[in-house]
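Scroll down for the structure; my scribbles are underneath it.
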Amino acid sequence: MRVRWQPLAEWAGFQVVWFVCALGAAQGRNLPGAVAATLFIGAVLATTRSPAREGIAILSSGVVGLIAESALVATEFVRFAAPWPSQSLAPAWIVALWLAFGATLSAMASLLGRSFFVKASITGFLAGPLAYWGGERLGALAIVAAAPLAYLTIGLIWAVALPALLLFRLRVLR
């Protein structure tokens with residue numbers, strides 16, 4: 001059963017996962033982020049009324065993340081630390097982070113309200129590049145392309161990905 005404090009707890013838990021993923025990657029390690037994401041996702045699934053629905057939302061976020069991050073790697077906009085399993089794909093730690101992000105979609109939907117599309121686009125456009133900037137400062141990634149172009153591209157990816165994931169979760173996974 002969803003309680004009032006749950007969206008805040010999910011947001012705080014995701015922030016912990018973000019730091020564990022970024023700091024682990026900065027040390028060349030994928031495992032800490034994968035473990036943190038798995039524990040977080042397990043906690044979210046254990047407290048939801050609809051674990052199957054949430055599981056599909058989580059997996060869809062992971063697929064979007066794998067595609068988006070692999071595109072950033074392929075276009076040489078971003079180079080990730082701890083690039084396992086391949087130099088040409090998104091690393092495991094960033095996909096784990098996207099999976100964990102998928103576990104926050106329900107909380108995000110409740111925070112943004114019914115008319116979420118524009119708010120989600122703006123939030124994605126601003127928060128996406130900010131997260132990459134923070135990750136770069138921690139040593140988890142490097143912006144390889146010209147910074148303004150790279151951050152604009154990241155912002156556009158997130159301006160599309162966040163509302164699309166929310167729309168999928170809210171409308172398709174009824």
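Note that these values count all heavy atoms, side chains included, but never hydrogens, waters or copies made by symmetry. No experiment lies behind these values; they were computed from the predicted model shown.
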Heavy-atom neighbours of Y151 OH exceed 12 at 6.0 Å: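 More than 12 heavy atoms, drawn from other residues, nucleotides or ligands, come within 6.0 Å of this atom.
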Please determine whether the number of non-hydrogen atoms from other residues, nucleotides or ligands lying under 6.0 Å from atom CZ of R79 exceeds 12. no
Is it possible for you to say whether [X] and [Y] belong to one hydrophobic cluster, with membership spreading through side-chain heavy-atom contacts below 4.5 Å?
X   : Y    : answer
L59 : L66  : yes
V20 : I94  : no
L31 : V17  : no
L23 : W93  : yes
L72 : L138 : yes

Closest heavy-atom pair and its distance - [X], [Y]:
X   : Y   : answer
P32 : G24 : CG-CA, 4.4 Å
L45 : E54 : CD2-CB, 3.6 Å
L99 : G62 : CD2-CA, 3.6 Å
I41 : I58 : CG2-CD1, 3.7 Å
S70 : A90 : OG-N, 3.0 Å

Is it true that W18 and W11 have ring centroids separated by less than 6.0 Å? no
How long is the gap from CD1 on I157 to CD on E69, to the nearest 0.5 Å?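 It is 7.0 Å, given to the nearest 0.5 Å.
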Look at the aromatic rings of F80 and Y132 and report parallel, tilted or perpendicular, splitting at 30° and 60°.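 The rings of F80 and Y132 sit tilted, inter-plane angle from 30° to 60°.
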